[in-house]
Amino acid sequence: MSAAEVDWDALHAEAKQVMRLAYAPYSKFPVGVAALVDDGRIVTGCNVENASYGMTLCAECGMVSDLIASGGGKLVAVVCVDGSGNFLSPCGRCRQLLFEHGGPQCLLMTPAGALPMSEILPWAFGPDQLP
Ligand code: THU
């Protein structure tokens with residue numbers, strides 16, 4: 001799917017909505033993410049922190065869990081936002097998650113426009129590397 005075919009405003013609205021549900025009492029840095037799946041579904045997630053800081057679940061983890069628990073499929077387009085609703089650059093671990101479930105062509109919205117995961121995580125290790 002090309003970037004022009006994606007309803008980015010709808011994804012942005014869903015990401016901001018789920019961001020408001022984040023559990024981030026430690027960092028006070030809520031994150032929300034919404035993604036379009038190849039069957040037209042929208043899946044979402046927010047960050048869920050923990051008193052044992054290292055156990056924090058990023059918003060993308062929740063979104064991938066929603067993806068799998070609601071029937072699976074491939075991520076086509078992703079919008080990740082911070083507490084102000086600005087586009088957020090996913091952390092390294094979450095780039096790997098997005099690559100696993102979206103592949104190199106999955107689009108991520110950035111302040112510079114929609115970019116493919118092949119640019120967000122160049123020279124990626126992924127499912128194709130395994131026999
Ligand atoms: N966070 C995410 O949810 N996703 C990212 O890609 C970057 C960071 C969360 C983790 C933590 O709860 C807070 O943002 C501050 O790092």
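All residue numbers refer to positions in the sequence shown, counting from 1. For ligands, and for the atoms within them, numbers begin at 1 and follow the listed sequence. Worth knowing before you read on, the calculation uses all heavy atoms, side chains too, and leaves out hydrogens, waters and symmetry mates.
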Exercise. Are any of the N/O atoms in Cys91 less than 3.5 Å from those in ligand 1?
Worked result: yes

Seminar exercise, completed: Distance col, row Phe29:CZ vs Asn47:CG, nearest 0.5 angstrom, shows 8.5 Å

For this session: Measure the shortest side-chain to side-chain distance between Leu36 and Leu75 over non-hydrogen atoms and say whether it is less than 4.5 angstrom.
Result: no

Exercise. Under 4.0 Å from atom 16 (O) of ligand 1, do we find at least one protein heavy atom?
Worked result: no

Exercise. Any donor-acceptor pair under 3.5 Å linking the side chain of Ser65 with the backbone of Cys61?
Worked result: no

Exercise. Of Phe29, Tyr23, Tyr53, which has the heavy atom at the shortest distance from atom 14 (O) of ligand 1?
Worked result: Phe29

Exercise. Counting heavy atoms only, which part of Ala59 comes closer than 4.0 Å to ligand 1: side chain, backbone, both or neither?
Worked result: both

For this session: Measure from atom 8 (C) of ligand 1 to every heavy atom in Cys58, Ser27, Gly83 and give the option owning the shortest one.
Result: Cys58

For this session: Could you say whether the N/O atoms of Asn47 and ligand 1 ever approach to under 3.5 Å?
Result: yes

Exercise. Are Val76 and Met117 linked, directly or through other ILVMFWY residues, by side chains that come within less than 4.5 angstrom of each other?
Worked result: no

For this session: Any atoms of ligand 1 less than 4.0 Å from a non-hydrogen atom of Thr56? List them with their elements.
Result: 10 (C), 11 (C), 12 (O)

For this session: Determine whether Cys106 and Lys74 make a side-chain contact, defined as any pair of heavy atoms from C-beta on separated by less than 4.5 Å.
Result: no

For this session: Kindly determine whether Ser27 and Glu49 satisfy side chain to side chain donor-acceptor pair (under 3.5 Å), including the steps that lead there.
Result: CA-CA 8 Å; Ser27 72; Glu49 297 186 345; 2.5 Å; yes

For this session: With atom 4 (N) of ligand 1 as the reference point, say which of Met19, Lys28, Glu60 has the nearest heavy atom.
Result: Glu60

For this session: Could you tell me whether the side chain of Pro104 reaches within less than 4.5 Å of the side chain of Pro116, counting heavy atoms only?
Result: no

Problem set entry | Which of the ligand 1 atoms, numbered from 1, are nearer than 4.0 Å to a heavy atom of Glu49 | 11 (C), 12 (O), 13 (C)

